[in-house]
Amino acid sequence: MKRSEGSTVGGVAPPEEPTKQRLSLRVNGAEKQLDVAPWTTLLDLLRETLDLTGTKKGCDHGQCGACTVLVDGQRINSCLTLAIMKDGCEVTTVEGLARGDALHPVQEAFIEQDAFQCGYCTPGQICSAVGMLAEGHARTDDDIREQMSGNLCRCGAYPHILAAIQQARRTSAKGEGT
Amino acid sequence: MTTPSTQLGRPVNRVDGRAKVTGEARYAGEFNVPGLLYGQVVSSTIARGRIKSIDASEALRLPGVLRVFTHENRPSLPWFDRKYRDDDAPSGSPFRPLHNDKVVYSGQPVALVVAETFELARHAASLVRIEYKPDSHETDLRAQRKKAYAPRQGKDGFEPPPKPWGHADKALDKAAVKVDAEYETPVEHHNPMEPHASTVIHEDDGTLTIYDKTQGVLNSQTYVCNVFDLPKEQVRVRSPFVGGAFGSGLRPQYQLFLAVLAARELKRSVRVTLTREQMFTFGHRPATLQRVALGASADGTLEALIHEAVSETSSFEDYIEVLVNWGSMLYRCDNVRADYKVAALDCYTPIDMRAPGAAIGVYALESAMDELAHALRMDPIALRLKNYSERDQNKDKPYSSKELRACYQQGAERFGWARRNPEPRSMREGHELVGWGMATGIWDAMQQPASAKAVLGLDGRLVVSSATADIGTGTYTVMTQIAADTLGLPIESVTFKLGDSSLPMAPLEGGSWTVASVGSAVKEACEKLREQLVTFARKTKGSPLAGVGAEEVVFAEGQLRNASDPSRAVSIVEAMRLGGVTHLEEQTSAVPSPKQQAYTRCVHSAVFAEVKVDEALGTVRVTRVVSAVAGGRVLNPKTARSQVMGGVVWGISMALHEETALDHTLGRFMNHNYAEYHVPVNADVRDIDVIFVDEDDTVVNPLGAKGLGEIGIVGVAAAVANAVFHATGRRVRGLPITLDKLL
Ligand code: FES
Ligand code: FES
């Protein structure tokens, strides 16, 4: 039997679509007022509504780190975050790290050290690295490896990701000195 | 006259690096257009049987849900198998999504829900009720082993096992020292970080622009045109960036079919992105059972070499890969027998995965070689050198180049192999046993026909293009280098375009042949531009190069110069003006030279690994790997190193982490997510040292370069397994080596 394509079948009332709620966010420095359904994650809001596709979806389950963004300076998995939970927050994505043409030192270092191949995990790695350096708990190479282990890279760029973070740390240390 | 190379061999940063670190690079599922619809796939929950009924009424009642496509309401489509075949299809009858009520594997797409938003599509998909009439299924390779058969051939590039020579079984019986063991490798899934996705943009005139996750835009285009009966002009497939593929993008996957189907029926733009769980539903590295038996005389001379493998395939296609041919290529032996069979399971057809065949075949072979070295009380490298092959015995041909001895030597030196105590369990550090192991790697160095176009403008910019892909391999960068090098231009003056079916023909991006194939075409196209420019500069009156011999002209820094008097020069732009042209264009096709046929062309490696094994807990860490590669001319040491390093990480992963577990009762892959399907994280990967040994090859292709995408993984799992044996005295013959196997 062919299925009917109508939108009302039988006598049962259609399940409610969730009502949207007003949300204000500051995204990469710009104020946004948005009407968002409660089931929308911050990740999908960024990618589908704001067209900020730099933040990636690798699993949608908090298992890969591809969706890492900075919320009020802290790195989080945006796929595990409902957008409405972040009302009034400041969100920085990979698109918001450079200052005009000048790349962030971590971005520069990723290019220089060839810390990626396909590039799909890269925005998450970079945001995670920026967040990790700000946390200030990584003293040794092993600390960096450990604290970057929430970000999978299937291309296997890990040794170069480590090298890039070391480079970025050196350049920012120098920058602070001058 | 040939200009000395200025761009090749330089560690140039990736030309697409900026796009990737700023988030500007858009992948298949990231092209947003107004009015885009979202498709969510509903996957079967049984492995074999029939669909009794589908009730989509609840889903369809939701405002914003447009349609639920199933086999019951799909439009009529071609009947013949050949319409569904693609460039990487093995023999058989290709899978057709929504074809009929038959379910042939668990996770099979059985419906597509299309809605106005992603969340709505996902929710609606959960409301589609499907009733099945299950049949019994078989997903256990061991159980099906008895039914294994010699596969039908007909997959592009497949080499059947060599015909036996000598009397391998008799020689094995008589050998002074022998090993005879079975090795087992599990199902693995590619799991690129980017899930498979297709965005189909439906233009007003009905033409389709499709952003597809693929390793071959032309393959996807042909597939869509055949299946939906469309002329090529109406279908353009693009994939400017691919978030990893490793073979999973070699065949058009079902999200492409479903997105096109929906877009055509609804006359709207549609995107279908698979979930991570669904990334386990369309092809994988096949599970294998392999027997390797080696016999040797007391001095280590190989007397018998037997390699038999049973590998899985699906009920509808004969997936094949080169598993058992490598031993008799690497080692000289008078008595050889190789056998390769497949057994059909109720799973999807396997698909090529990084170094298909070699990754697992060489694992078994090189583990057995280590077992033999141990039985002979011989150093593992010495055993390999003793039986080193100067010729490929399978084909009775010489190698176009083979600097494998240098790999052993330089790798061993860098690793400190000479300090190894051969006795197992002889090295320890605190509570950890330390082990050192090594293995050999080998992969083909192939070239395929390919085309490229080069266009030079009066602004001095060169645009080169070919319908190839960059799946993280560095294609954009290396092609830019080749073009810049040929015309003596700075990298910044060159743009390379790829991932667009409207560009000149390129083969699938796989098999490690892209540099050899597309690179040769790029070089030829740019050489033709050179010839034109040289003619303009020499033949025009008043030109500083008028009358200079063609061989005397070199290209450097954007100029044509007289080699013996560099002050006589014209810029490339000036030369175009002299010729009275506003732009120059050349398109060429590069085909492999017939002289290649006289040689076997391979890339080789020697891999050394150090492991530390916690004696009480059985946990294994790979603390150090040295991979020495003989890969011909290295065009970009930076991206080349990344390629090999990534391959080594894959090898570590294969040795210690990766395995897709089947529940045979359900006939289903169970650990279909990143939490339970283990791939290494940063903390699992320590020092990886990559060495490229000098290797000169004038046969393999005009660039003398061998592809490096595959070789990095080959041999690594064996080196790690051999190191685990050296550390613990325990020989684990099934991957991955998890702690339960060591306790
Ligand atoms: S997409 Fe958020 S962790 Fe994977
Ligand atoms: S660069 Fe491809 S996944 Fe990390």
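In this text the structure is predicted, and so the values were computed from the model without any measurement. Order of the sequence lines fixes the chain letters, A, B, ..., with proteins taken first and strands second; residue numbering starts at 1 for each chain.
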Checking heavy atoms, do the side chain of [X], its backbone, both or neither come under 4.5 Å from chain A?
| X | result |
| --- | --- |
| B/Phe31 | neither |
| B/Ala675 | both |
| B/Ile688 | side chain |
| B/Thr22 | both |
| B/Leu120 | both |
| B/Arg686 | both |
| B/Thr639 | both |
| B/Phe118 | side chain |
| B/Val242 | backbone |
| B/Val681 | both |

Max heavy-atom pair count under 4.5 Å with chain B, selected residue of A/Ile144, A/Thr53, A/Asp44: A/Thr53
Most chain B-contacting option - heavy-atom pairs closer than 4.5 Å, from A/Asp51, A/Leu97, A/Thr122: A/Asp51
Criterion side-chain contact (heavy atoms from CB on, under 4.5 Å) against A/Lys86, the qualifying member of A/Leu23, A/Leu45, A/Leu25: A/Leu25
Interchain contact, [X] with chain B, by part (heavy-atom threshold 4.5 Å):
| X | answer |
| --- | --- |
| A/Ile161 | side chain |
| A/Asp143 | neither |
| A/His61 | neither |
| A/Glu112 | both |

Smallest separation among heavy atoms of A/Asp60 and A/Leu43, with atom names: OD1-CD2, 4.3 Å
Does [X] pair with [Y] as a salt bridge, N-O distance under 4.0 Å?
| X | Y | result |
| --- | --- | --- |
| B/Arg74 | B/Glu265 | no |
| B/Arg354 | B/Glu188 | no |
| A/Lys57 | B/Glu194 | no |
| A/Arg47 | B/Glu30 | yes |
| A/Arg154 | B/Glu658 | yes |
| A/Arg26 | A/Asp72 | no |
| A/Arg22 | A/Asp35 | yes |
| A/Asp114 | B/Arg641 | no |

Please identify, among [options], the residue contributing the most non-hydrogen atom pairs under 4.5 Å to chain A.
| options | answer |
| --- | --- |
| B/Gln643, B/His190, B/Glu277, B/Met279 | B/His190 |
| B/Pro11, B/Gly23, B/Ser653, B/Ala59 | B/Gly23 |
| B/Asp684, B/Asn673, B/Asp687 | B/Asn673 |
| B/Gly17, B/Ser642, B/Gly244, B/Gly243 | B/Ser642 |

Test of ring centre spacing under 6.0 Å for B/Phe241 and B/Tyr476: yes
Ring-ring centroid check B/Phe280 B/Tyr677, cutoff 6.0 Å: yes
